[in-house]
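Notes for the one structure printed next.
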Amino acid sequence: MDSIIVNADLDGSKISRDIYGHFSEHLGRCIYGGFWVGKDSDIPNIDGYRKDVVEAFKELEIPNLRWPGGCFADEYHWRDGIGPYETRKRMINTHWGGVVEDNSFGTHEFFELCELLGCKPYVNGNVGSGTVQEMSEWVEYMTFGGESPMSKLREANGHKKPWKLPLFCVGNENWGCGGNMKPEYYADLYRRYQTYVRQYGKDKIFKIACGPNSSDYNWTEVLMREAGNLMDGLSLHHYTVEPDWNGRKPACDFTEKDWYLTMRNAGFMETLVRRHDEIMTKYDPDKRVALVVDEWGTWFAVEKGTNPGFLYQQSTIRDALVAGITLNIFNNHSDRVRVANIAQAVNVLQSPVLTEGTKMIKTPTWYVFHMYKPHMDATMLTSRVASNQIGPKDARIDSVTASASHKKNVYTVTLTNAELSGKKEINITLAGLKGKIKDATATILTSKEMHVCNSFDKPNEIKEKALEVKLSGANEMFITVPAMSVVTVSVTA
């Protein structure tokens, strides 16, 4: 029997709700046809925002939304996306699909979307092809409440009051599509650009520096050494692929070995967070600077017959396991990981939501975020998992991962079971619990077959269901978990 022991009497760090953030880039059908259909669309909308998509993300209570990229951010010039639609500049999106970008979704539309969703705006500034003045004036346009050319321009475009800008990143992937820079060069640029990300008024802008690509530990070393005192966060990008970048296959086309390779590569996030945290702690022992994992998720080959530049992929229970494993890692390292964004929100890579014409479906990934909501702003509790290792010799993984937290008298334990067959009997103990368990419920997300997905014809093939919990004693419970499952256990004590 596998076991999970939660130290119910040992409080850890707060699990920031911002770990559960999302990402919207001008890429494929994420913005256009995803969040935004325009006010004249026959698809039900709220002033141009697709109603069913907005409602799906409101149900998740998403904490923040990142925009406009991604690689698009470092070729985005914000003035192209303000003012009357008919005067906005039309251009070719050279990064993603070679399609026309009409800039009908710009700064005002993004902030209005965040207001609809009830989430924080997270904006990426342009370092790769932009100037210091351009970035400085954009921040002024968004946040300055006094009299200035930029505040007057914002007012002329219909929004007198300044917006709050809680999260701002200076550039994106400047080691790659954002300029192919060396870390020393970018560190100097960051020091310069962030100086002009002015703090107007009392609302703090949380300044984020472009961090490393996956396991580029030298980038983290240089940025923390040269500019750590000038940042609030350092980004990290890591995608889960199988078996490797050049061998990617579509999301629903994989073998059992591919399954285990994917789980192994998802679990590598644990190593990345630990290693980057160790380097950051050399320069920031108090962990003031957050590790911001603002691009993560699966990246498979596109679906057959779709534009390769649109990065459209389906989602199976495999993607759900990747999401559960990754979010458990973030929860367990919430002392350093305090912002994260899955890539991407709609119709791109590991999306929680897919659309096609008037239809919208929630993917298995959506349900994982829904099931993990109780962790948001809860207090992390350390836990220990005892389980077997599974998979072929070159892709061995722990069969079970878990994380735990509490808010007042409610304890939440989330776990993943990556076994491909059979059932697991799992014993969960709340060690050190004051009092006794009064009630326990559980929900499960699972599939009888690993290739199944929610399609537009069959949108409810994979969705969360109730799972029986058996209480045993004052602080102990048992659950029976089928293969390929993500589980949330909620305990009242």
**Message:** Working note: D232 + K207, criterion salt bridge (charged side-chain N to carboxylate O under 4.0 Å, His left out); need CA distance, chi angles, decisive distance, verdict.
**Reply:** CA-CA 5 Å; D232 299 302; K207 297 180 187 180; over 6 Å; no
**Prompt:** salt bridge (charged side-chain N to carboxylate O under 4.0 Å, His left out) between E270 and R274: does it pass, once the steps are laid out?
**Reply:** CA-CA 6 Å; E270 172 76 23; R274 285 184 181 276; 2.5 Å; yes
**Message:** Checking V293 against N341 for the side chain to side chain contact (heavy atoms under 4.5 Å, CB included) test, could you report, in this order, the C-alpha distance in whole Å, the side-chain angles of both residues, the deciding distance, and whether it holds?
**Reply:** CA-CA 6 Å; V293 192; N341 303 79; over 6 Å; no
**Message:** One pair to check against salt bridge (charged side-chain N to carboxylate O under 4.0 Å, His left out): R275 and E221. What are the steps and the verdict?
**Reply:** CA-CA 11 Å; R275 291 283 304 276; E221 180 84 37; over 6 Å; no
**Asked** ring pair (Phe, Tyr, Trp, His ring centres under 6.0 Å) between H108 and W163: does it pass, once the steps are laid out?
**Response** CA-CA 10 Å; H108 289 252; W163 293 291; 4.9 Å; yes
**Request:** Take C177 and C71 through the disulfide (SG to SG under 2.5 Å) test and state the conclusion after the steps.
**Result:** CA-CA 6 Å; C177 65; C71 291; 2.1 Å; yes
**Prompt:** Between F35 and F57, does a ring pair (Phe, Tyr, Trp, His ring centres under 6.0 Å) hold up when you go through it step by step?
**Reply:** CA-CA 10 Å; F35 279 116; F57 281 99; 5.4 Å; yes
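A donor and an acceptor atom, one from each side chain of N417 and S399, are nowhere located under 3.5 Å apart. Under the 3.5 Å distance criterion, with hydrogens and angles disregarded, no donor-acceptor pair is assigned to the side chains of D457 and S455. If you check the side chains of T255 and D258, you find a donor sitting under 3.5 Å from an acceptor. Residues T414 and T488 bring no donor and acceptor atom of their side chains to less than 3.5 Å of each other. Checking T298 against Q313 by side-chain atom types alone, a donor-acceptor pair falls below 3.5 Å. The closest side-chain donor-acceptor pair between D398 and T401, if any, does not fall under 3.5 angstrom. Between the side chains of N328 and T416, no donor-acceptor pair of N or O atoms lies under 3.5 Å. In summary, the side chains of S490 and T441 do not present any donor paired with an acceptor at a separation below 3.5 Å, with no hydrogens or angles considered. The closest side-chain donor-acceptor pair between N454 and N460, if any, does not fall under 3.5 angstrom. A donor atom on one side chain and an acceptor atom on the other are found under 3.5 Å apart for W138 and T107. Counted by atom type alone, H237 and E173 present one or more donor-acceptor pairs between their side chains at under 3.5 Å.
The six-membered or imidazole ring of F72 lies near that of H26, with a centre-to-centre distance under 6.0 Å. Taking the six-membered ring for Trp and the full ring otherwise, the centers of H375 and Y20 sit at least 6.0 Å from each other. Aromatic pair H238/W299: centroids not less than 6.0 angstrom apart. Taking the six-membered ring wherever Trp is involved, the centroid distance between the rings of Y122 and W67 does not fall below 6.0 Å. For F300 and F254, the distance between ring centers is not under 6.0 angstrom.
Counting only residues at least two apart or in different chains, salt bridge (charged side-chain N to carboxylate O under 4.0 Å, His left out) contacts with residues 20-41 are absent. A salt bridge (charged side-chain N to carboxylate O under 4.0 Å, His left out) check over residues 89-100, counting only residues at least two apart or in different chains, returns the pairs D80-K89. Under the salt bridge (charged side-chain N to carboxylate O under 4.0 Å, His left out) criterion, the residue pairs touching residues 316-326 are E242-R318, with sequence neighbours excluded. The ring-ring contact (aromatic ring centres under 6.0 Å, His included) contacts involving residues 311-363 comprise W296-F330, where partners must be two or more places apart or lie in separate chains.
Test E55, E461, E59 against K362 for salt bridge (charged side-chain N to carboxylate O under 4.0 Å, His left out) and you get one pass: E59. With respect to T480, the side chain to side chain donor-acceptor pair (under 3.5 Å) criterion is satisfied by exactly one of E468, E425, K423: E425.
When the shell of 6.0 Å around CG of D42 is examined, it contains 12 or fewer heavy atoms from other residues, nucleotides or ligands. Within 6.0 Å of atom NZ in K182, 12 or fewer heavy atoms from other residues, nucleotides or ligands are found, so the atom counts as exposed in its surroundings. Crowding of Y185 atom OH: a count of heavy atoms from other residues, nucleotides or ligands under 6.0 Å not exceeding 12. The neighbour count for K287 NZ, taken as heavy atoms of other residues, nucleotides or ligands under 6.0 Å away, is above 12. Sparse packing is recorded around NZ of K58, with 12 or fewer heavy atoms of other residues, nucleotides or ligands lying under 6.0 Å away.
The shortest heavy-atom contact between T365 and A323 is CG2-CB, 4.4 Å. The two atoms that bring S485 and L321 nearest to each other are O-CD1, 3.7 Å, heavy atoms only. Between L234 and L223 the shortest heavy-atom distance is CD1-CB, 4.1 Å. Considering every non-hydrogen atom in both P121 and F111, the closest pair reads CG-CE2, 3.5 Å. N124 and A73 make their closest contact through CB-CB, 3.7 Å (heavy atoms, listed as atom of the first residue, atom of the second, distance). The minimum heavy-atom distance between P250 and V302, with the atom names listed, is CG-O, 4.1 Å.
R50 has a carboxylate O that lies under 4.0 Å from a charged side-chain N of D52, or vice versa, which qualifies the two as a salt bridge. Looking at D18 and R338, no side-chain N of the basic residue comes within less than 4.0 Å of a carboxylate O on the acidic one, giving no salt bridge. Taking 4.0 Å as the cut-off between side-chain N and carboxylate O, E464 and K373 do not count as a salt-bridged pair. At a threshold of 4.0 Å, the pair D377-R17 counts as salt-bridged, since one of the basic side-chain nitrogens sits closer than that to a carboxylate oxygen. The pair R79-E134 does not meet the salt-bridge criterion, since no charged nitrogen lies less than 4.0 angstrom from a carboxylate oxygen.
Between F168 and V139, some side-chain heavy-atom pair lies under the 4.5 Å cut-off. Residues V37 and Y49 form no side-chain contact, since every pair of their non-hydrogen atoms from C-beta on lies 4.5 Å or further apart. By the 4.5 Å heavy-atom criterion applied to side chains, Y411 and L381 are counted as neighbours. In this structure, M91 and N103 have side chains that are in contact, with non-hydrogen atoms separated by less than 4.5 Å. Two residues are said to be in side-chain contact when any heavy atoms from C-beta on lie closer than 4.5 Å; I92 and V100 meet this criterion. I62 has its side chain within reach of L60: a pair of non-hydrogen atoms, C-beta onward, lies under 4.5 Å apart.
Residues satisfying the side-chain contact (heavy atoms from CB on, under 4.5 Å) criterion with P392, sequence neighbours excluded, are K257, Y260, D394, A395. Every residue two or more places apart in sequence or in another chain was checked for a side-chain hydrogen bond (donor to acceptor under 3.5 Å, both in side chains) with E86, and none qualifies.
Expressed to the nearest 0.5 Å, how far OH of Y193 lies from SG of C210 amounts to 13.0 Å. If you take CG on L27 and CG on N347, they are separated by 10.5 Å, rounding to the nearest 0.5 Å.
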